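To keep things clear, I will list the structure first and then write my remarks on it.
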Amino acid sequence: MRPVSEVGGRRAWLRWLAMAGPIATGVLAALPAVAVWLDPVLRPRRRRGTRVVVGPASALRDEHPVPMTVVGERVDAWERAPRSTLGVVWLQRRPDGSILCHSAACPHLGCRVGYDERARQFVCPCHSSRFALDGRVLSGPSARPLDELPAERTADGMIAVRFARFRPRIATREEI
Ligand code: FES
């Protein structure tokens, strides 16, 4: 006959084993959901913009900037939209043939900056910030120039832009 304490110890151990099984199964079953929930936090943040082909280089004009819509994948926390409008850019051909690109998002509060052909200036409809063709602030509340974005002509005659958004209201560029 076994001592009472040894029997009690075995029972306790079996009880613990009976509870541990379902707990481990529950934890394993929850792992995929936890991974999805943490994805936006763990996903490496894109800090160098997204390369997007915006249109044909033949659309550029010599005398005035041309607006083009940036369409690409938008990733917001848990959602991915493969073909979304990310923004608008203003494109100009420099005398050396390279491309100057500015985001149309006003650095003040993000309104879409338009273009005044007569004055040859970019102008924001919200609080009247005005910008020179090179993006400099001429007047208004914007704390920094228009945000310049890298752009290049592709081998097949298109324009590719590295599109990014920047925090408004501040004097320095901080990608968001
Ligand atoms: S949002 Fe452009 S000037 Fe205010």
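Numbers here are sequence positions counted from 1. Whatever order the structure lists ligands and atoms in, that order sets their numbers, starting from 1. In this text the structure is predicted, and so the values were computed from the model without any measurement.
- Distances from atom 2 (Fe) of ligand 1 under 2.8 Å pick out these protein N/O/S atoms: C106 SG, C124 SG.
- The shortest distance between side-chain heavy atoms of L60 and Q92 does not fall below 4.5 Å.
- Here V137 is tied into one hydrophobic group with W90, V113, Y115, F122, F131, L133, L146, each link being a pair of ILVMFWY side chains closer than 4.5 Å.
- Annotation: side chain of C101 is not in contact with side chain of P150 (no heavy-atom distance under 4.5 Å).
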Practice task
Check step by step if disulfide (SG to SG under 2.5 Å) holds for C111 and C126.
Solution key: CA-CA 6 Å; C111 289; C126 292; 1.9 Å; yes
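- In this structure, R83 places its CZ atom where only 12 or fewer heavy-atom neighbours from other residues, nucleotides or ligands lie under 6.0 Å away.
- When all heavy atoms are compared, the tightest approach of R93 to A57 is NH1-O, 4.2 Å.
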